[in-house]
Colleague: 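I'd like to ask you about the structure that follows.
In this chain, numbering begins with 1 at the start of the sequence shown. Computed from a predicted model, the values in this text were never measured in an experiment.
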Amino acid sequence: MRDVALTLSLVLFCFLITISALSAQVTTATLYGVVRDSTASSLPGANVSVVHQGTGFTREAVTDMSGEFALTALPSGRYTLRIELQG
């Protein structure tokens, strides 16, 4: 009887671990980057956009004072990255 209880406890433990691991799966990504010029100086205020090649989904961001940006919740797939700076 003790072996059965131990086996059931182990099975239950494995089941709970599997359930928690499955809930942690994500289907989107975040793209982080830094925009710099040819002298390695950061470029604040640059417009950064990505376009999903399959669906046309677009996400845009503007670089901060350090030239950094983050594009969040990107569905999986191939993207075209575009960076524009005025002036």
Colleague: Rounded to the nearest 0.5 Å, how far apart are CG of Leu43 and CG of Leu85?
Modeller: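 Between Leu43 CG and Leu85 CG, I get 5.5 Å after rounding to 0.5 Å.
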
Colleague: Just verifying a value: how many Å separate Arg78 CZ and Thr55 OG1, rounded to the nearest 0.5 Å?
Modeller: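 Reported to 0.5 Å precision, the distance equals 14.0 Å.
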
Colleague: If you look at every heavy atom in Ala70 and Ala61, which pair is closest and at what distance?
Modeller: O-CB, 3.9 Å

Colleague: Side chains of Leu71 and Tyr79: closer than 4.5 Å at any heavy-atom pair?
Modeller: no

Colleague: May I ask you to check whether Thr63 and Glu68 show a side-chain donor-acceptor distance below 3.5 Å?
Modeller: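 No, no side-chain donor-acceptor pair sits under 3.5 Å.
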
Colleague: Looking only at heavy atoms, which two atoms of Phe57 and Pro75 are closest? And how far apart?
Modeller: CE2-CD, 3.6 Å

Colleague: With rounding to the nearest 0.5 angstrom, report the CG to CD1 distance, Leu81 to Ile83.
Modeller: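 Going from the CG atom of Leu81 to the CD1 atom of Ile83 covers 4.5 Å.
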
Colleague: Main chain of Leu74, side chain of His52: is a donor-acceptor contact present, judged purely on distance under 3.5 Å?
Modeller: no

Colleague: Answer yes or no: is there a donor N or O on one side and an acceptor on the other, between the side chain of Ser49 and the main chain of Asn47, under 3.5 Å?
Modeller: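 Answer holds: no.
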
Colleague: Tell me the closest heavy-atom pair linking Ser66 and Ser42, and the distance in Å.
Modeller: O-CB, 3.1 Å

Colleague: Heavy atoms, side chains only, cut-off 4.5 Å: are Arg82 and Val50 in contact?
Modeller: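 No. Closest side-chain heavy atoms not under 4.5 Å.
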
Colleague: Given side-chain contact (heavy atoms from CB on, under 4.5 Å), test Val62 with Phe69 step by step and report yes or no.
Modeller: CA-CA 6 Å; Val62 177; Phe69 68 91; over 6 Å; no

